[in-house]
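Below you'll find the structure, written out as structure tokens, and then a few comments.
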Amino acid sequence: DTAVSQTPKYLVTQMGNDKSIKCEQNLGHDTMYWYKQDSKKFLKIMFSYNNKELIINETVPNRFSPKSPDKAHLNLHINSLELGDSAVYFCASSQEGGVGTQYFGPGTRLLVL
Amino acid sequence: AQSVTQLGSHVSVSEGALVLLRCNYSSSVPPYLFWYVQYPNQGLQLLLKYTTGATLVKGINGFEAEFKKSETSFHLTKPSAHMSDAAEYFCAVTGSGNTGKLIFGQGTTLQVKP
């Protein structure tokens with residue numbers, strides 16, 4: 001069984017569209033994260049949820065909206081997609097907040113045309 | 001604010017040679033430090049981490065790292081490189097407040113030559 005899964009794996013879309021990426025973890029963790037990896041492979045945290053509560057909200061355009069229906073799921077919805085949103089988006093989960101190992105999903109490769 | 005600097009965006013070694021990937025951090029609070037590996041088109045996998053206690057940390061696949069507070073370093077080493085070690089390596093430090101916010105370095109691509 002995959003510990004942290006993301007769907008879709010690839011997403012190609014036009015500028016201006018709205019899209020969602022889904023993430024699920026079956027590890028029983030309390031905390032989930034979204035990271036963005038740009039074309040230079042730089043990784044930056046976007047959001048973090050602990051037990052469905054938003055605890056980290058980095059400087060991210062408000063076109064990005066995370067939603068956590070339960071502690072095993074954290075979805076990312078993106079409105080009005082822009083070319084600069086093209087990146088790989090990783091979901092991760094952990095137990096114990098700061099010291100807990102973060103387990104990463106396989107990533108969703110988003111290309112905005 | 002916390003930050004991580006990885007010296008050398010690209011490191012090339014011969015198979016069987018020592019691997020040394022450098023990481024320096026900046027932190028106003030005692031840091032938790034991590035090394036992650038990313039194979040092509042995959043997510044990140046934890047190699048090892050330092051939280052407290054012993055400063056020499058052993059990880060998976062024969063890697064280890066030593067936390068040196070005086071040098072603010074957490075370099076990753078492996079005595080003998082294998083072809084399968086070719087990947088992207090990221091050093092990371094947790095942000096303040098123990099929220100789990102990982103601050104990553106810019107990554108180092110390890111190439112292993114036969």
Side-chain angles (χ1 to χ4, degrees), chain A residues 2-7 9-10 21 23-25 27 29-51 53-60 71 74 87-109 111, chain B residues 1-6 8-11 21 23 25 27-53 57 59-60 67 86-111:
Chain A
T2 304
V4 182
S5 58
Q6 295 179 227
T7 53
K9 192 168 183 179
Y10 299 96
I21 306 172
C23 177
E24 177 181 3
Q25 56 95 3
L27 298 168
H29 289 163
D30 292 330
T31 309
M32 296 184 72
Y33 312 81
W34 277 111
Y35 288 88
K36 179 181 179 181
Q37 186 174 45
D38 63 22
S39 59
K40 295 183 179 179
K41 298 190 178 181
F42 182 67
L43 277 153
K44 192 172 192 302
I45 192 166
M46 301 172 70
F47 303 103
S48 172
Y49 271 75
N50 181 270
N51 279 322
E53 180 182 350
L54 181 66
I55 57 171
I56 295 174
N57 186 351
E58 289 295 289
T59 309
V60 175
K71 74 173 191 177
L74 180 60
V88 182
Y89 293 84
F90 287 102
C91 177
S93 73
S94 74
Q95 196 70 351
E96 302 174 44
V99 300
T101 298
Q102 293 188 25
Y103 292 83
F104 283 76
T108 295
R109 284 146 185 82
L111 178 60
Chain B
Q2 294 178 303
S3 65
V4 174
T5 301
Q6 290 182 239
S9 60
H10 192 102
V11 171
L21 304 182
C23 172
Y25 69 91
S27 178
S28 56
V29 297
Y32 297 142
L33 293 157
F34 304 80
W35 274 101
Y36 279 86
V37 61
Q38 183 180 26
Y39 298 103
N41 297 316
Q42 293 187 28
L44 280 74
Q45 179 184 7
L46 181 73
L47 279 176
L48 48 81
K49 67 179 180 182
Y50 169 80
T51 53
T52 58
V57 181
I60 62 171
F67 169 62
E88 192 78 19
Y89 290 80
F90 293 94
C91 182
V93 64
T94 50
S96 58
N98 208 25
T99 60
K101 173 183 171 181
L102 279 175
I103 297 168
F104 285 91
Q106 62 271 48
T108 298
T109 303
L110 176 65
Q111 181 188 22

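The chains referred to below are lettered A, B, ... by the order of the sequence lines, with proteins before strands, and numbering in each begins at 1.
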Completion exercise
The interface call for A/Gln6 against chain B, heavy-atom contacts under 4.5 Å, is neither
Handout entry: Pairwise distance OH(A/Tyr33) to CD1(A/Ile56) - rounded to 0.5 angstrom
Key = 6.5 Å
Problem - chain A contact via B/Gln38 - which portion, at a heavy-atom distance below 4.5 Å - result: side chain
Handout entry: Side chains of A/Tyr35 and B/Leu102 in contact at under 4.5 Å (non-hydrogen atoms)
Key = yes
Practice task
Measure A/Leu43 against the heavy atoms of chain B and call it side chain, backbone, both or neither at under 4.5 Å.
Solution key: both
Practice task
Could you check if a side-chain atom of B/Phe67 sits within less than 4.5 angstrom of a side-chain atom of B/Pro31, using non-hydrogen atoms only?
Solution key: yes
Problem - Atom group of B/Leu46 that falls short of 4.5 Å from chain A, counting heavy atoms - result: side chain
Problem - Which atoms of B/Gln42 approach chain A - backbone, side chain, both or neither, heavy atom under 4.5 Å - result: backbone
Handout entry: All salt bridge (charged side-chain N to carboxylate O under 4.0 Å, His left out) counterparts of A/Lys36, not counting sequence neighbours
Key = none
Exercise for the section: Sort A/Tyr103 into side chain, backbone, both or neither according to what part of it lies under 4.5 angstrom from a heavy atom of chain B. Expected result: neither
Exercise for the section: Using side chain to side chain contact (heavy atoms under 4.5 Å, CB included) as the criterion, list what pairs up with A/Lys9, not counting sequence neighbours. Expected result: none
